[in-house]
K.L.:
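Take a look at this one; I'll ask things after.
In listed order, ligands and their atoms are each counted from 1. Because the structure is a prediction, the values reported are computed rather than measured.
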Amino acid sequence: MSVSSKHLQQTEQSGLCDIGFIGLGVMGKNLTLNLADNGYKVACFDLDQAKIDAILAQDELERTTDEARVVACRSYTELLSNLKAPHTIILSVPAGEPVDHVCHHLIDAGIEADDIVVDTGNSLWTDSVEREAKYKGKFVFFSTAVSGGEVGARFGPSLMPSGDPYAWTRIESIWQAVAAKVDPETGKPIESFEPGKPVTRGEPCTTYIGPVGAGHYVKMVHNGIEYADMQLICEAYHIMRNGLNMSPKEIAATYREWNQGLLNSYLIEISAEVLDQEDPETGAALVDVIMDKAGQKGTGLWTAVSALQVGSPAQTITQAVFARSLSSFKSERVAASQKLSGPDASMTTQSSKEEVIKQLHDALYCSKICAYAQGFQLMSIAAKEHGWQLDFAEIAKIWRAGCIIRAVFLQSITQAYESNEHLENLLLDPFFIKQINDYQSNWRRAIASATIAGIPCPAMSSALSYYDSYRCDVLPANLLQGQRDFFGAHTFSRTDKPEGKKYHIEWNHPDRPMVAVKK
Ligand code: 6PG
């Protein structure tokens, strides 16, 4: 574009919108209103006219002046013509093909090379990498993973942006405005749930994560941790319900108490609310009428797959994915429950109810530390593999508010990485070493009692196995290497020789001689 036409365009820009928004589903609608609350005028488009009508009505209801903060567009071309140049367009459409579908329409509508398109869906990180390359020269494809659900999107989500650093300089202030805010001293969220009154103080929960793909990778791991955290809370509930015969309301009260201390988190808070809810139809506890088959959209699975691919032990996250899969075998489980025997589920024969509850609290806390340790370990290994410079203190910081896994102990994780940016594993941080030392005996007791009572706790016990394996100086992998050498001549290293030297025993020879294997 020539300098004169650029100037002409700038003079014509007043009255135009600051941001374009495509996709007005639950997340898109709420992010748009959040942008509007923060003073950005938004041009929006959705294929569904009802969604456009809904956001216009909401804007009319909430705005304090006559001027609309949201402008409805009927086509991609109209959206572009309503925007200040260079254009910034945010997408909130389902992950996968719909993202490319919209991108192609934007190309047809005349999007330009220095325009930015930001994908905020739960996209697979490798898709973001491919898209940046695919659309290079047509527009700048940038990714920003968003966590926080409906309320987060509306009043402050956690945002994980990644991609072209110059594009980041153009959108940084927008993301800082709409992101959740944290009190930097306490690490606690500063919240306002009032439309039109966004929080303007505190540290914003957004930071540039790295090259495109890195942001969605980090969000994927966030979701893996989310799966583990949710499953752990569900296992504690299951043990209280079946092993201690507690009512949902009693368990809700226990969670509320736990929410005052070390376990303070959004997921504990909402679990208490779910357990307290009565079924409007029958008056029974709602949880008792909700079908015990867990759904999943794939981000936990992607985390587990990535952990397996890069060889990062993330068994608690993986167990949480498997637990959802196993839950879906409802009719098979019902039939098996009639055929397969197990012990009496009552847990109060060895310890009092109060003691078991305390044990469960500590078990949940230690398991949660391990789940986060696994998530951060996975990000660290993946970062090396993909050449990303991830800043783990910053990642922990932006998860302190806005996102689904927000929890008070993310402040401790922030401090752990701030005091040692090369920390190999969260479990090795002095604070967490002490925490696990203090609480592990109850962790072990809770798992042992649940196991004896036949109540499954796959995530909790996998977390303990992770901890015990990680602190074990000699694992039985020595025997395993012997087995591999026996049947496949796969060779082994010796503890008393340089590791690079490989040996093989000629197992079929009567004298079984050992040979040093030449490379
Ligand atoms: C978030 C959530 C959000 C969504 C996930 C999980 O951070 O806001 O993680 O992205 O809840 O997609 O969905 P599933 O449990 O259905 O996999």
K.L.:
Looking only at the side chains, is there a donor atom on one of Thr120 and Thr144 sitting less than 3.5 Å from an acceptor on the other?
P.N.:
no
K.L.:
May I ask you to decide whether Arg241 forms a salt bridge with Asp288, counting only side-chain N to carboxylate O separations under 4.0 Å?
P.N.:
yes
K.L.:
Atoms of ligand 1 less than 4.0 Å from His222 heavy atoms?
P.N.:
7 (O)
K.L.:
For atom 12 (O) of ligand 1, find the nearest protein heavy atom and state the residue, atom name and distance (0.1 Å precision).
P.N.:
Asn122 ND2, 3.0 Å
K.L.:
For ligand 1, which atoms have a heavy atom of Tyr227 less than 4.0 angstrom away?
P.N.:
14 (P), 15 (O), 17 (O)
K.L.:
Do Asn34 and Asn38 have side-chain N/O donor and acceptor atoms under 3.5 Å apart?
P.N.:
yes
K.L.:
Go through ligand 1 atom by atom and flag the ones less than 4.0 Å from a non-hydrogen atom of Gln296.
P.N.:
16 (O), 17 (O)
K.L.:
Testing Thr88, Ile111, Val140, Ile90 for side chain to side chain contact (heavy atoms under 4.5 Å, CB included) with Val117, which one passes?
P.N.:
Ile111
K.L.:
Checking Ser162 against Ser143: is there a side-chain donor and acceptor pair closer than 3.5 Å?
P.N.:
yes
K.L.:
Taking the inter-plane angle between the rings of Trp258 and Tyr255 on a 0 to 90° scale, is it parallel (under 30°), tilted (30 to 60°) or perpendicular (over 60°)?
P.N.:
tilted
K.L.:
Using non-hydrogen atoms of the residue, decide whether Gly149 is closer than 4.0 angstrom to ligand 1.
P.N.:
yes
K.L.:
Distance under 4.0 Å to a non-hydrogen atom of Arg324: what atoms of ligand 1 satisfy this?
P.N.:
14 (P), 15 (O), 17 (O)
K.L.:
Regarding Glu172 and Tyr208, is there a side-chain donor-to-acceptor distance under 3.5 Å anywhere?
P.N.:
no
K.L.:
Would you check the N or O atoms of Gly148, main chain and side chain alike, for any that come under 3.5 Å of an N or O of ligand 1?
P.N.:
yes
K.L.:
Do me a favour and list the nearest non-hydrogen protein atom to atom 7 (O) of ligand 1 with residue, atom name and distance?
P.N.:
Ser147 OG, 2.4 Å
K.L.:
Does ligand 1 have an atom under 4.0 Å from some heavy atom of Lys219?
P.N.:
yes
K.L.:
Below 4.0 angstrom from a heavy atom of Ile404, which ligand 1 atoms are there? Numbered from 1 as shown, please.
P.N.:
1 (C), 2 (C), 7 (O), 8 (O)
K.L.:
Taking atom 6 (C) of ligand 1 as the point of reference, which of Glu226, Met27, Lys297 owns the nearest heavy atom?
P.N.:
Glu226
K.L.:
Mind telling me whether Phe392 and Tyr417 have parallel, tilted or perpendicular rings, with 30° and 60° as the class edges?
P.N.:
tilted
K.L.:
Could you check which of Ile405, Asn223, Val321 puts a non-hydrogen atom nearest to atom 5 (C) of ligand 1?
P.N.:
Asn223
